[in-house]
Novice: 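One structure is given below, represented as structure tokens, and several questions about it will come after.
The analysis underlying the following values was restricted to heavy atoms, covering all of them including side chains, and did not include hydrogens, waters or symmetry mates. Everything numeric here is computed off the predicted structure, so don't read it as measured data. Just so you know, ligand 1 is whichever comes first in the structure, and atom 1 is the first atom listed for that ligand.
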Amino acid sequence: MNIDGTPTRTLRAHPAQRLIDIIDQTRLPHALHWVRVTTLDEAAHAIRAMQVRGAPLIGATAAYGLAIALNDDASDMQLQHAIAMLGATRPTAVNLHWALARMQAVLAPLAPEMRAAAAWTAAAAIAEEDVAQNAAIGQHGLGLFRQIERNSGKTLNIMTHCNAGWLATVDWGTALSPVYAAHDAGLPVHVWVSETRPRNQGLLTAWELAQHGVPHTLIADNAAGILMREKQVDAVIVGADRIAANGDVANKVGTYLKALACADNGIPFYVAAPRSTLDFACAEGTAIPIEERDGDEFRLVHGVDRHAAPSALRQLAASEAVANPAFDVTPARLVTAIITERGVCPASRDGLLELYPEEARA
Ligand code: MRU
């Protein structure tokens, strides 16, 4: 993905110096600010405070965070401590636990003196895999978009929720990868970007679409219904934080309402996610843990003041009771199809197993 015309990834690893640089997404869209992560505590903080966010990027950052944690002490105790600490940062995105389990499987059997170097190699493999899988999702999604565009013969109006783009992954994004593929292939595409209260990840989506030159329009979350009824939306595409074995999808809170509105208006509702987001051990969506975040995310509005300095505005008293579930679950029956790096499948156990037959044995 391009920033100011320069291909850029969201995470820069420096294995020789045993540290990483990340984009502080809490500063976007107002400032592009890179942060250096040199300790386990800093890696855990970056994930918890959402300096990095989006399921695949959380997974990749956790993998590098574990490598950083083993720099000076790669004992069994430190390995377990780091995995427990990173694993406790955010509960819903299964990519975090997938990445840590994969790292553990590589590192635990090794002698401690071998672990640090192996951890940097294993983390790099996870990051590279994320890039390749998201690129493949882009091509599969492009096939779907081409079919819709052929039928309508006009600009393809795609709606998305939250940020499942380049910023949420190491590169390309999941839901936005087909959008970039379509734009780069010359398809006329326009994106309706829903703001995504209370953390406003839609602003991140608008920022990265602008960097790549993709036409888009921001909307308040509540405007999605009227645009669908007015036939201004050809398809909705979102990412996922966890997909259960039966095809139920956990994603940013508000996703379920979009899927309901799509069903009422006959609009296809697609979910794009790599293998690391599929949780075959989780039978259905009701078993997915939903993160409840601090009520101050709701009580305070963040932006910049007239001097462009980061600033918060209180819209609710600290005593005001608020609920802040960060995700919701969309039942499989509302999902038109799931797009993964292996192709497009129905949102069902059979559909997923057709793409991942090896999971039937597990
Ligand atoms: O709380 P966030 O910003 O980490 O939530 C992100 C989402 O819900 C994304 O849609 C999801 O992780 C898919 S990212 C490719």
Novice: Does ligand 1 have a heavy atom under 4.0 Å from the side chain of Ala55, from its backbone, from both, or from neither?
Specialist: both
Novice: Could you establish whether Thr92 and ligand 1 come within less than 4.0 Å of each other, counting only heavy atoms on the residue side?
Specialist: no
Novice: Does ligand 1 have any atom sitting under 4.0 Å from a heavy atom of Met50?
Specialist: yes
Novice: Please determine if Asp279 and Arg242 form a salt bridge, counting it only when a charged side-chain N lies under 4.0 Å from a carboxylate O.
Specialist: yes
Novice: State whether the number of non-hydrogen atoms from other residues, nucleotides or ligands found under 6.0 Å of Glu292 atom CD is greater than 12.
Specialist: yes
Novice: Apply side chain to side chain contact (heavy atoms under 4.5 Å, CB included) to Asp130 and Thr169, showing your working.
Specialist: CA-CA 7 Å; Asp130 185 57; Thr169 62; 3.4 Å; yes
Novice: Closest heavy-atom contact between Glu149 and Pro188?
Specialist: OE2-CD, 3.6 Å
Novice: With a 4.0 Å cut-off on heavy atoms, is Ala93 in contact with ligand 1?
Specialist: no
Novice: Using heavy-atom distances only, which candidate in Val249, Val271, Asp241 approaches atom 11 (C) of ligand 1 most closely?
Specialist: Asp241
Novice: Tell me which one of Asn200, Thr169, Thr205, Asn251 gets a heavy atom nearest to atom 9 (C) of ligand 1.
Specialist: Asn251
Novice: With heavy atoms of Ala240 as the reference, note each atom of ligand 1 found under 4.0 Å away.
Specialist: 11 (C), 12 (O), 13 (C)
Novice: With heavy atoms under 4.0 Å as the rule, classify the contact between Ala175 and ligand 1 as side chain, backbone, both or neither.
Specialist: neither
Novice: Once you round to the nearest 0.5 Å, how far does CZ of Arg90 lie from NE2 of His97?
Specialist: 10.5 Å
Novice: Only heavy atoms count here, so choose which of Lys252, Glu291, Arg293 is nearest to atom 1 (O) of ligand 1.
Specialist: Lys252
Novice: With a heavy-atom distance limit of 4.0 Å, tell me whether Gln201 approaches ligand 1 through its side chain, its backbone, both, or neither.
Specialist: side chain
Novice: Considering only heavy atoms, does Arg90 approach ligand 1 within less than 4.0 Å through its side chain, its backbone, both, or neither?
Specialist: side chain
Novice: Evaluate side chain to side chain contact (heavy atoms under 4.5 Å, CB included) for Gln211 paired with Trp166, printing each intermediate quantity in order.
Specialist: CA-CA 11 Å; Gln211 291 296 324; Trp166 168 77; over 6 Å; no
Novice: Below 3.5 angstrom, do we get any N/O pair linking Phe327 and ligand 1?
Specialist: no
Novice: Ligand 1 and Thr174, any nitrogen or oxygen pair closer than 3.5 angstrom?
Specialist: no
Novice: Can you tell me if Pro56 contacts ligand 1 (heavy atom of the residue under 4.0 Å from the ligand)?
Specialist: yes
Novice: Does Asp305 have more than 12 heavy atoms from other residues, nucleotides or ligands lying within 6.0 Å of its CG?
Specialist: yes
Novice: Going by ring pair (Phe, Tyr, Trp, His ring centres under 6.0 Å), name the residues that satisfy it together with Trp207, two or more places apart in sequence or in a different chain.
Specialist: none
Novice: Looking only at protein heavy atoms, which one is nearest to atom 3 (O) of ligand 1, and what is the separation?
Specialist: Arg53 NE, 2.5 Å
Novice: Going by the atom numbers of ligand 1, which of them fall below 4.0 Å from some non-hydrogen atom of Ala168?
Specialist: 14 (S), 15 (C)
Novice: Could you check whether atom CZ of Phe298 has more than 12 heavy atoms from other residues, nucleotides or ligands sitting under 6.0 Å from it?
Specialist: no
Novice: Hey, can you tell me if Tyr64 and Trp120 have their rings parallel, tilted or perpendicular (30° and 60° cut-offs)?
Specialist: tilted
Novice: Check the surroundings of atom CG in Leu316: do more than 12 heavy atoms from other residues, nucleotides or ligands lie under 6.0 Å from it?
Specialist: yes
Novice: Contact between Val238 and ligand 1, counting heavy atoms under 4.0 Å?
Specialist: no
